[in-house]
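Remember, it's 1-based here, ligands and their atoms both numbered in the order they're listed. Any value given below was found using the heavy atoms of this structure, including those in side chains, with hydrogens, waters and symmetry copies removed.
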Amino acid sequence: MPSDIKDAKLAPVGKTKIEWSDRHMPVLALIRERFESDRPLAGQRISACLHVTTETANLARTLQAGGADVAICASNPLSTSDEVTASLVEDYGVSVFAVHDASRDLYYKHINQTLDHKPTITMDDGADLVFTVHTERRDLLENILGGTEETTTGVIRLRAMADDGELAYPVVAVNDARTKHLFDNRYGTGQSTVDGILRATNMLFAGSTVVIAGYGWCGRGFALRARGLGAHVIVTEVDPVRALEAQMDGYRVMTMAEAAPLGDLFVTLTGDIRVVRGEHFELMRDGAVVANSGHFNVELDLDALAKMAASRRTIRPNVEEFTLADGRHIYVLAEGRLVNLAAAEGHPAAVMDMSFANQALTAAYLSAKSDTLENLVYTVPRDIDDEVARLKLRALRIDVDVLTDEQVEYLASWRMGT
Ligand code: ADE
């Protein structure tokens, strides 16, 4: 089985960590059980480009249980766990091409090796597989039924491809399922971003001023958790409705130029490019800490910062100190890569449970129904989204009320009401 991993001997450590995650992923475990008998992915070849974590390992096991032949590469070189890759290969027979901290060249080589698997379904986190298929590997298109996309940034990329008429197979935006973004993006990013910043710096949030760029679901989640730890939160936004929402949620809202001199910690969660630029670094206090929790490492203009710096050094793991000509210091976390996965372990398993349940059920949906789809970006079917919520509630032993017959009738009738 072709693979490229760091060290197969790490497998025993990886296996117990995967088992620990599995304990917190009951929905995925239930789907795995169903997949074992129904085999909805029999005959499918899945190439996946995801963060290679313990949670992803449990998704791979589930896809395999459904009958799929699975190959995986990393969607970010810093989030790969070499222990997990070892166990996936040694214990679970998954083809893996991922090494922690891989160079750019190796990262793209791994994407291509994962595509050599000749997928019928692609599974992306950031759309790198879809992009590579459409640019360099068009020969693979004839076998591909469809794809899935895990994250906001990837969905934005895919919609741009579809708008240009360039998308050559249907892709389902798993990110847009309510049981994905309302939980993973909000509570997953919220907690894991705090986790990454604390592991890197051990800084005190209480009483500090935290500037958050972007008030999408990730920004909202991180703002909640930063405030919960006692920080004074400032939000910067470009969308007027979101800006208003942040204001009425009780945060201060202003431009990045206004916030730059005030912040102790700056975190970008926008999905856009150069959100914190040279003109902002110019205004920051001595000791300001800067991090990114968006998918790609493009949100902080680190080239501008490097040009402004008289010197730089790594002061502790994942913390680089830039000393500016005027003597101020600015600290960049995890090279501006997504801090929650580069400096911590990403979202907790209990929230990835729902995201990856959507991935598994959507792969089965593509396997059965792709011939009814056009080359567009689709949302996850409502019944899958609702099923994931129902299964999660069941796992949490929570019952909810059901509508009475009268209530059903009332909601369906425009004559009743007053
Ligand atoms: N994205 C964010 N957190 C993740 C995790 N723990 N595993 C896989 N993908 C993720």
Side-chain angles (χ1 to χ4, degrees), residues 14 17-29 46 48-63 70 72-85 87-88 92 94 96 98 100 114 122-129 148-155 173-177 179-197 199 216-219 221-222 225 267-269 271 291-297 334 337-360 362-363:
K17 289 188 174 177
I18 292 167
E19 286 168 7
W20 171 252
S21 272
D22 193 40
R23 288 194 63 85
H24 301 93
M25 303 183 87
V27 176
L28 198 60
I46 297 182
C49 180
L50 301 168
H51 297 291
V52 190
T53 63
T54 54
E55 292 78 19
T56 299
N58 285 316
L59 172 62
R61 293 173 57 207
T62 307
L63 300 172
V70 182
I72 294 191
C73 62
S75 60
N76 184 299
L78 291 186
S79 59
T80 298
S81 160
D82 290 323
E83 295 156 351
V84 168
T85 59
S87 177
L88 273 172
Y92 298 109
V94 176
V96 182
H100 182 81
T114 304
T122 60
M123 199 169 265
D124 258 308
D125 188 331
D128 279 347
L129 277 188
T148 66
E149 171 53 53
E150 169 78 6
T151 199
T152 318
T153 300
V155 173
V174 167
N175 179 72
D176 294 356
T179 47
K180 199 280 184 182
H181 66 268
L182 293 178
F183 302 90
D184 168 315
N185 301 28
R186 180 165 38 174
Y187 303 115
T189 307
Q191 178 170 316
S192 61
T193 301
V194 171
D195 188 12
I197 292 165
R199 288 194 205 194
W217 290 110
C218 296
F222 179 58
R225 295 299 169 251
V267 183
T268 52
L269 308 99
N292 166 51
S293 205
H295 184 80
F296 287 120
N297 57 337
R337 294 179 188 274
L338 70 188
V339 70
N340 61 332
L341 278 138
E345 293 172 68
H347 304 349
V351 85
M352 292 311 294
D353 189 25
M354 288 192 282
S355 309
F356 284 167
N358 275 293
Q359 284 284 7
T362 300

> Can you list, by chain and residue number, every protein residue with a non-hydrogen atom closer than 4.0 Å to ligand 1?
Replying inline: His51, Thr53, Glu55, Thr56, Leu341, Glu345, Gly346, His347, Met352, Phe356
> Between Asn297 and Asn292, which heavy-atom pair has the shortest distance, and what is it?
Replying inline: CA-ND2, 4.2 Å
>> Students often mix this up, so state it plainly: with edges at 30° and 60°, are the rings of His24 and Trp20 parallel, tilted or perpendicular?
In response: perpendicular
> Is a side-chain N or O of Ser75 found less than 3.5 angstrom from the main chain of His51, in a donor-acceptor match?
Replying inline: yes
> If you look at every heavy atom in Asp82 and Thr85, which pair is closest and at what distance?
Replying inline: O-OG1, 2.9 Å
>> Restricting to salt bridge (Lys or Arg N to Asp or Glu O under 4.0 Å), what partner residues turn up for Glu55, sequence neighbours left out?
In response: none
> Taking NZ, NE, NH1 and NH2 as the nitrogens, is one of them in Asp176 or Lys180 under 4.0 Å from a carboxylate oxygen of the other?
Replying inline: no
